[in-house]
2 protein chains.
Amino acid sequence: MHAHTMPAKKARFIPLSDRKAYHRFEDVIGCKWSTLVVAAVSQGVTRPGELERYIPGISTKVLNERLRKLVDFQVLSRTEQSGLPARVDYALTDNGTKLAALLEQVRLLNAQHPDPAS
Amino acid sequence: MHAHTMPAKKARFIPLSDRKAYHRFEDVIGCKWSTLVVAAVSQGVTRPGELERYIPGISTKVLNERLRKLVDFQVLSRTEQSGLPARVDYALTDNGTKLAALLEQVRLLNAQHPDPAS
DNA sequence: TCGAGTGGGAACCTTTTGGTAACCACCCCC
DNA sequence: GGGGGTGGTTACCAAAAGGTTCCCACTCGA
C-alpha cells in the first residue's frame with residue numbers, strides 16, 4: 001500500500017495510474033463526435049467521405065481531426081489504397097474493437113434511460 | 001428498412017437512436033473529470049469534501065457541476081444527512097453502477113496500451 | 001471577534017473546442 | 001477555362017469549458 005499512515009483500506013488519492021487511464025480516455029473519447037466515429041467504423045463505414053455522409057452534422061475538419069487522434073491513440077488504423085482518385089480506409093485495431101464493444105454496451109445502457117427532465 | 005433505394009445491408013445514415021445515445025454519453029461523460037468522479041464514488045468516496053481531496057487537480061466549482069450533472073442524468077443519487085455540520089452522500093444508481101463497470105473495463109483497456117508517441 | 005468544519009455558488013478570465021469558409025493536393029472529363 | 005471525384009488543411013471566429021478567486025449558508029469552539 002502506498003499510504004503508510006492511512007487505514008489500509010482507504011487511499012488518500014485516487015491512484016495515479018487510474019488518473020492517467022481516465023484522462024487518456026477523456027482525450028480519446030471525450031471530444032464531441034469521437035464515439036460516433038468509432039461506432040460508424042465498427043458498423044462497416046470505413047472511408048472518410050462515407051463517414052462524413054453517414055454521420056449527419058459532423059464537419060470535414062472535425063472528422064479529420066478525430067480520425068487522426070484515433071489513429072494516434074491506436075484505436076483505428078489507416079490504409080491508403082493504390083490508384084486514383086485517392087482512397088483511404090480506416091479500420092478498428094484490436095484495442096479499438098474492444099473499445100467499440102464497450103461503447104456499444106454504453107449505447108444500450110443509454111437506450112434504456114430517458115433524457116433528464118429539462 | 002428505411003432506405004428503400006439503398007442496398008439492404010447499408011443504411012444511409014447512422015441511426016438516430018444511435019446518435020442520440022452517443023451524444024447523451026458525450027454529455028454525461030465527455031466533460032473533463034466526469035469519469036474520475038464516477039470512479040471515485042464507485043471506490044467508496046461519497047462525500048463532496050472527500051471527493052475534492054481524493055481527486056487531485058479538480059476544483060470545487062467543477063466537482064459540484066459534475067455532481068449535479070451526474071445526478072440529473074441518474075448516474076448518481078444524492079442524500080442529505082440530518083445534523084450539522086451539513087453532510088451529503090453521493091451514491092451510484094443502478095444505471096450508474098453499470099456505467100462504472102464499463103468505465104472500469106475501459107480503464108483496464110487503457111492500462112494495457114502506452115500513450116501515443118509525442 | 002476570530003478560528004475551524006460541512007457544502008455550495010458567482011464573477012471573471014483564459015484556454016479550448018468546434019464550425020464555417022476557403023483553400024490545397026491528386027486525378028478524370030467536357 | 002469549367003465541371004466532377006477522392007482526401008485533407010488552415011485562418012478565423014463564436015461559443016463553451018474549466019480554473020481562480022472570493023463569497024455565501026449553516027454550525028461549533030476559543
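Numbers restart at 1 for each chain; the letters A, B, ... are given by sequence-line order, proteins then strands. Excluded from the calculations below are hydrogen atoms, water molecules and symmetry mates; all remaining heavy atoms, backbone and side chain alike, are included.
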### Message
Using only atom types and a distance under 3.5 Å, with no angle test, would you say the side chain of B:Thr93 pairs donor to acceptor with the backbone of B:Val75?
### Response
yes
### Task
Decide, yes or no, whether a salt bridge links B:Glu65 with B:Lys69 under the criterion of side-chain N to carboxylate O below 4.0 Å.
no
### Query
Can you tell me how far C1' of D:dG18 sits from CD of B:Glu52, to the nearest Å?
14 Å
### Query
Would you call A:Arg107-A:Glu104 a salt bridge at under 4.0 Å N-O?
yes
### Task
Provide the start and end nucleotides, 5' to 3', of the part of DNA chain C that has atoms under 4.0 Å from heavy atoms of chain A.
C:dG18 to C:dC27
### Task
Assign a letter to each nucleotide of nucleotides 2-13 of chain D from its 5' end: B, base within under 4.0 Å of a protein heavy atom; S, sugar-phosphate only; -, no contact.
---BSSBBBB--
### Euclidean distance, A:Leu51 CG relative to A:Leu63 CG, rounded to 0.5 Å
5.5 Å
### Summary
Those stems involving DNA chain C that have three or more consecutive Watson-Crick or G-U pairs, both distances under 3.5 Å, are C:1-30 with D:1-30
### Task
Go through the steps for A:Glu26 and A:Arg24 under the test salt bridge (charged side-chain N to carboxylate O under 4.0 Å, His left out), then give the verdict.
CA-CA 5 Å; A:Glu26 281 167 4; A:Arg24 179 185 156 95; over 6 Å; no
### Query
Side-chain donor-acceptor pair under 3.5 Å between B:Gln43 and A:Asp18, yes or no?
yes
### Task
Report the C-alpha separation of A:Ser34 and A:Val37 in whole Å, then their side-chain angles, then the decisive distance to 0.1 Å, and conclude whether the side chain to side chain contact (heavy atoms under 4.5 Å, CB included) test is met.
CA-CA 5 Å; A:Ser34 290; A:Val37 172; 5.8 Å; no
### Query
Are side-chain N/O atoms of A:Thr60 and A:Glu52 paired as donor and acceptor at under 3.5 Å?
yes
### Task
Take B:Tyr90 and B:Val88 through the test side chain to side chain contact (heavy atoms under 4.5 Å, CB included) and record every step on the way to the result.
CA-CA 7 Å; B:Tyr90 289 90; B:Val88 173; 3.8 Å; yes
### Query
Once you round it to whole Å, what is the distance between C1' of D:dG19 and CH2 of B:Trp33?
11 Å
#### Entry: B:Arg87 and B:Asp89 ion-paired at < 4.0 Å
yes
